[in-house]
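FYI, side chains are in, hydrogens and waters are out, and symmetry mates aren't considered; it's all heavy atoms of this structure. We name chains A, B, ... by the order of the sequence lines, and we start the count at 1 in each one.
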2 protein chains.
Amino acid sequence: MTKKEKLLHQSLKLIHEKGFKATTIRDIAASMDCDVANVYNFIDSKQGLLESHLFSINEEFHLRFDEINNSSFEPIEKIKRIVGIYIDLTFAKPYQASLLVNEWRHLKEPKLSRFIKEREKFEIKVKKLIKQGIKDGSIRKVDVDIATYTLLSSVRWLFNKVASGNLKVNRIEVEKQLLDFVLCGLTV
Amino acid sequence: MTKKEKLLHQSLKLIHEKGFKATTIRDIAASMDCDVANVYNFIDSKQGLLESHLFSINEEFHLRFDEINNSSFEPIEKIKRIVGIYIDLTFAKPYQASLLVNEWRHLKEPKLSRFIKEREKFEIKVKKLIKQGIKDGSIRKVDVDIATYTLLSSVRWLFNKVASGNLKVNRIEVEKQLLDFVLCGLTV
DNA sequence: TAAATTTATCAACAAACGTTGATAAAAATA
DNA sequence: TATTTTTATCAACGTTTGTTGATAAATTTA
């Protein structure tokens, strides 16, 4: 692991734990046992660090999302696989997933607006999937907005448990249980 | 509305929008059009402001939660009503609900540990409810941990929509749709 | 080995931060 | 009205913040 990779990893961990605003350059320097000024050999600015972290994971997710969304699978199968890639990504990169949920609001304009716009476009695509599922009879006649927000929200605890190592079951079982929950609910 | 009430309201709104660390005393002063030093006629410290906001809403929720949990309703009925009071509270106090989700980590010791401990106790109670529901046959044989985290997480988008006024349906319909989701899932 | 590039060290900057003290105006109480 | 309490104003404090410049050591390349 090069020094730059270590910096990226440590900064991700710190931002996940303390939040972007509460994480100082001095924190990052201390975590990798180097001088404060030395950090700037690897990054341009603190803000730029956040941007690169956020947009790399954001692009990765949306690329994989679009692969599924542009396929000819049934809506319900698309939704299953989208949950799947979110779980995949969260297990592979829990800290980045954390930033995607919690820290994007510390972006500055115009990057902030760009991020929000991409997020809204993504939400609209999910809503469309649910509408199609209702139309073809595979999904109940739910309120599309509420179902979308609840669906997207229901997986947003996972990165915390993965990051802290407090997860007893493996990736496959998480996917099984989560899909059962969002498709069938709690009751028998 | 007294000046102190206005301060509490404005600070809540700002902390919800920008986050606790990104909200400065000068922001709060500006939002209520008064001098910076003037703020300290109403609060002891910025940290104390966060603490009072957090613990008042936290206590309110846990009091109402325990009322239900200590009743003799069936587990599944308890879960329904717990979702109900969360929705209630979120509609009544969306900004406080936001802080409860996003800003508690900026508490300092020993308040931070106290908050986390109360949160863990709450989670254990919910897990117990799900276990009982599985035992009495009203809940599927789910993984208790995953079901608990997913259940609790699934309602955590609501405060955002209520706070921003971007919610087309009313409180009752939200409750109906959310309960359908967590009990029956998306599929027919 | 010589030159060039990368990494490390030190001190310091300007700006933004939470907070305070002294004091004046305004409002409430007696 | 006189007195007490509440609210407002101004300037300033000590820290912490992100960031920079000059320079030395270490490493890589030629």
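- What separates CG of A:Asp35 from C1' of D:dA26 is a distance of 16 Å, to the nearest Å.
- In this entry the distance linking CG of B:Asn38 with C1' of D:dA11 reads 15 Å, nearest Å.
- For the OP1/OP2 pair of C:dG18 and a distance below 4.0 Å, the side-chain nitrogens and oxygens of B:Lys46 include at least one atom meeting the criterion.
- Residue A:Thr2 is out of contact with every strand shown, counting any heavy-atom pair closer than 4.0 Å.
- Following rounding to the nearest Å, A:Asp44 (CG) and D:dT19 (P) show an atom-to-atom distance of 10 Å.
- Of the candidates C:dT19, C:dA12, C:dT20, C:dA12 carries the atom nearest the A:Arg26 side chain, counting heavy atoms from C-beta on.
- Between A:Ile43 atom CD1 and C:dT7 atom P there is a gap of 14 Å when expressed in whole angstrom units.
- When each of B:Phe122, B:Tyr86, B:Phe115 is paired with B:His62, the ring pair (Phe, Tyr, Trp, His ring centres under 6.0 Å) condition holds for B:Phe122 and for no other.
- Distance, B:Lys108 NZ to C:dG18 P: 11 Å, rounded to whole Å.
- Between B:Lys3 and D:dA8 there is a side-chain N or O to OP1 or OP2 distance below 4.0 Å.
- Remark: B:Arg140 fails to qualify as a cation-pi partner of A:Phe181 under the 6.0 Å distance and 45° angle criteria applied to the six-membered ring.
- An OP1 or OP2 oxygen of D:dT17 is reached within less than 4.0 angstrom by no side-chain nitrogen or oxygen of B:Lys21.
- B:Lys46 forms a cation-pi arrangement with B:Phe20, by the criterion of a distance under 6.0 Å to the ring centre and an angle within 45° of the ring axis.
- Annotation: cation-pi geometry satisfied between A:Lys161 and B:Tyr149 (NZ/CZ under 6.0 angstrom from ring centroid, within 45° of ring axis).
- Here C:dG21 presents its P atom at 13 Å from CG of B:Asn41, a figure rounded to the nearest Å.
- In the set D:dT19, C:dT7, D:dG21, the nucleotide with an atom closest to the side chain of A:Val36 is D:dT19.
- The side chain of B:Tyr40 sits closest to C:dG18 out of D:dG18, D:dT19, C:dG18.
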